[in-house]
2 protein chains.
Amino acid sequence: MEKVSIRDVASRAGVSVSTVSRALSRPEMVSESTRRKIQAIAEELDFSVSRTAGNLKSGKSRRIALLVGSNKIEWFTANIMEGLNSVILDQGYDLVFYPISSVEDRRAFFEELPVRNNVDAVIISSFTATAKEITRLHSAHVPLVGINSPSTLNFSATVHTSDRTGMKLAIRHLSLLGHRKILYIYQTFHSSIKFSSYGRIQAFKDACAKKPGITGIVKSFENPHEAFDALTTGILSEDDPPTAVCVHQDSQALPFLFRAQSIGLSIPDDLSIMGYDDSSFAQDVGLTTIRQDPYAMGREAASKALQLIESREPEIQHEEFPVELVVRRSTGEIRKHQLF
Amino acid sequence: MEKVSIRDVASRAGVSVSTVSRALSRPEMVSESTRRKIQAIAEELDFSVSRTAGNLKSGKSRRIALLVGSNKIEWFTANIMEGLNSVILDQGYDLVFYPISSVEDRRAFFEELPVRNNVDAVIISSFTATAKEITRLHSAHVPLVGINSPSTLNFSATVHTSDRTGMKLAIRHLSLLGHRKILYIYQTFHSSIKFSSYGRIQAFKDACAKKPGITGIVKSFENPHEAFDALTTGILSEDDPPTAVCVHQDSQALPFLFRAQSIGLSIPDDLSIMGYDDSSFAQDVGLTTIRQDPYAMGREAASKALQLIESREPEIQHEEFPVELVVRRSTGEIRKHQLF
DNA sequence: CTGAAAGCGCTTACAG
DNA sequence: CTGAAAGCGCTTACAG
């Protein structure tokens with residue numbers, strides 16, 4: 001059985017190619033009897049329309065590119081993808097994933113713009129491009145939607161959550177529990193891409209600075225396992241050590257939680273720990289965290305992209321999604337005679 | 001700046017469209033001077049070749065579909081995708097993700113075969129289609145590659161790991177530690193798709209049956225949190241309770257680990273716990289597990305798909321990937337006077 | 001090394 | 001309601 005094209009169906013049905021095309025894509029334009037015959041034959045021949053041809057005609061590719069600053073698909077990215085897929089697949093669009101893990105990747109991407117005639121919209125998650133790079137996209141008439149982009153400049157539309165709000169919630173929560181010295185830890189980024197996550201670190205510092213009596217300390221680590229030990233030792237040896245720790249994201253908090261317990265610290269009595277994200281297992285381990293909803297952001301980014309593709313301006317060009325404090329067992333009141 | 005086509009470049013360079021096409025896709029066929037001029041003009045005009053047109057000509061779409069039995073992208077699927085991407089992106093192929101979450105979805109997919117003229121290969125991960133469905137794919141000349149498919153029948157090629165081997169390793173490990181009564185727990189699947197994971201459960205039963213003196217019990221649960229309590233209560237109230245638990249996959253073991261600890265069980269002294277996968281956090285929490293490598297399987301599946309697209313038979317049609325026992329802190333020797 | 005022409009598989013104004 | 005024809009943007013035998 002060789003490839004069957006619209007012509008095979010036409011000749012078999014004794015009608016023109018145009019009629020077959022109409023019968024299949026705009027059936028109301030064709031008389032019932034011919035339509036029926038054509039549809040029967042199409043089924044019999046296992047024929048289905050090639051999108052490529054239609055795309056050529058329309059000048060659209062029915063594809064949307066997702067640029068992510070890493071080739072790892074972790075919780076956040078997976079949820080973004082699920083959200084995007086949940087809206088675009090039904091509209092006949094496909095998602096194409098482009099991992100961009102270095103400034104060089106990014107430059108290559110925007111210089112070659114493989115996307116120009118090959119994608120109807122570009123969505124960038126959690127990093128940004130230079131103004132010049134973005135301009136080139138625009139000049140190719142490709143809408144650009146940002147997700148948690150460090151800057152919204154030049155984007156056709158964006159969705160984001162506020163790290164400032166998130167960190168404010170975290171600091172207030174800890175402050176209410178009586179904590180005064182708070183440590184922020186994150187795993188060093190090894191990408192040359194400017195991640196939006198850096199903003200979270202700054203947001204922590206600012207939130208602490210604004211809250212009188214609170215001291216915020218920021219430390220980074222390379223490898224969770226060795227470094228946690230070093231950090232813990234550091235904490236233990238200080239005279240006035242932090243009583244609470246904010247971890248950059250839930251997935252990095254998990255090993256910390258275990259490490260802390262394994263050296264005999266009881267959580268939250270000896271140390272309060274907070275994560276960020278409310279990702280899948282945060283509930284399982286009782287981690288207090290700041291919830292964000294990348295699935296919802298993905299859906300909205302997709303719908304904005306779709307609108308832009310149809311040359312409609314989204315009602316809200318830059319949309320903020322809420323963050324929420326989720327209190328669980330890993331944070332608690334500071335104790336009078338805290339272990340440290 | 002309007003859409004620029006190959007014609008614009010040609011007229012600007014004073015050459016024919018054919019020459020521009022060659023200068024860009026097979027530069028060695030064009031004299032250096034014309035090539036240079038054309039490339040300069042292409043760059044100046046921000047021109048890049050539309051893939052769609054080329055695809056029409058070649059009859060290929062340069063896209064590979066990944067069918068997954070869920071719209072959630074969890075550890076396994078994410079790693080498969082990363083593996084696939086790591087080989088196909090460089091070859092100019094894109095990955096298209098089709099979540100298939102019900103038998104209806106699946107039937108719709110294979111009946112409409114949106115894929116027929118629109119995708120060069122189909123990769124199915126962890127579930128399978130009926131023989132008839134697969135035949136239709138074949139008749140459309142679309143190679144089908146399976147990943148951990150319950151049956152390898154009719155697949156052009158497959159990659160898989162052996163759950164039998166994995167469970168054998170697990171049972172041997174526990175048996176060597178002195179465990180005699182072993183519980184297997186898994187979260188109920190709510191999909192109507194036949195997942196490959198069911199095989200793992202059977203493999204557990206078989207492994208226990210083959211090992212004299214070992215009793216294996218299988219239980220499922222709906223919601224991790226309520227159900228773990230019920231299970232634990234059940235365990236605690238039995239006269240001769242299991243001393244070790246195998247959890248279907250690491251992500252389901254995590255809550256169990258925490259639950260167990262929260263009711264005062266010490267792991268592994270009171271209870272040994274094993275996972276399956278060796279996913280990201282297994283190391284963090286010290287979970288003994290069976291390691292599999294979906295990233296490597298994804299890479300191999302991709303390379304088999306690519307070979308099949310080029311009508312080459314893969315050297316190994318059905319390739320098995322190793323599983324490995326990874327011993328960590330969550331399993332230990334059975335104690336003389338085990339708590340239960 | 002280069003150009004004119006055919007054609008990939010459709011869709012869609014334009015006529016009838 | 002239907003058909004003939006043009007055309008989407010390229011690639012590639014075929015000539016020269």
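Chain A is the first sequence line, chain B the second, and so forth, proteins listed ahead of strands; every chain is numbered from 1.
Nearer the 5' end of DNA chain C, as judged by each residue's closest nucleotide, is the contact made by A53(B), out of R26(A) and A53(B). Closest-nucleotide positions on DNA chain C for R22(A) and I6(A) were compared, and the one nearer the 5' end corresponds to I6(A).
For the pair R299(B) and V87(B), the minimum side-chain heavy-atom distance is below 4.5 Å. Under the 4.5 Å side-chain criterion, counting only non-hydrogen atoms from C-beta, F76(B) is in contact with M297(B).
Here dA13(C) sits opposite no nucleotide as a Watson-Crick or G-U wobble pair (both hydrogen-bonding atom distances under 3.5 Å). Partner assigned to dA4(C) is none, using Watson-Crick or G-U wobble distances below 3.5 angstrom.
Across the C1' atoms, dT12(D) and dG16(D) are found 16 Å apart, a figure rounded to whole Å.
When only modelled atom types and interatomic distance are considered, N55(A) and S61(A) share no side-chain donor-acceptor pair under 3.5 Å.
Of the residues listed (E310(A), E313(A), E319(A)), the one engaging K304(A) in a salt bridge (charged side-chain N to carboxylate O under 4.0 Å, His left out) is E319(A), and it is the only one.
Between S5(B) and dC8(D) there is no side-chain polar atom (N or O) within less than 4.0 angstrom of OP1 or OP2. For the OP1/OP2 pair of dG3(C) and a distance below 4.0 Å, the side-chain nitrogens and oxygens of S16(B) include at least one atom meeting the criterion. Using a 4.0 Å cut-off, some side-chain N or O of T34(A) falls inside it from OP1 or OP2 of dT2(D). Of the side-chain N and O atoms in S31(B), one or more sit less than 4.0 angstrom from OP1 or OP2 of dT2(C). T19(A) has a side-chain polar atom (N or O) that falls below the 4.0 Å cut-off from OP1 or OP2 of dG3(D).
A salt bridge is absent between K72(B) and E74(B); no separation between the charged side-chain nitrogens and carboxylate oxygens falls under 4.0 Å.
With a 6.0 Å radius and a threshold of 12 heavy atoms from other residues, nucleotides or ligands, E43(A) has its CD atom at or below the threshold.
L56(A) places its CG atom 17 Å from the P atom of dG7(C), with the value rounded to the nearest Å. For N55(B) and dC10(D), the CG to C1' distance is 10 Å, given to the nearest whole Å. Computed from coordinates, the K60(A) NZ to dT11(C) C1' distance equals 16 Å when rounded to whole Å. Distance CZ (R35(A)) to P (dC1(D)): 9 Å, rounded to an integer number of Å. Between L24(A) atom CG and dC1(D) atom P the separation is 16 Å, expressed in whole Å. Across the protein-nucleic acid pair, M29(B) atom CE and dA15(D) atom C1' stand 13 Å apart, rounded to whole Å. Taking atom CD1 of residue I38(A) and atom C1' of nucleotide dC1(D), one finds them 11 Å apart after rounding to whole Å. Rounded to an integer number of Å, the gap from F47(B) CZ to dG9(D) C1' is 8 Å.
Among the atoms of the strands shown, only primed sugar atoms or phosphate atoms (P, OP1, OP2) are found under 4.0 Å from some heavy atom of V15(B).
Here the side chain of S18(A) is nearest to one of dT12(C), dT11(C), dG9(D), namely dT12(C).
A donor N or O paired with an acceptor N or O is not found under 3.5 Å between the base of dG9(D) and the side-chain atoms of R51(B).
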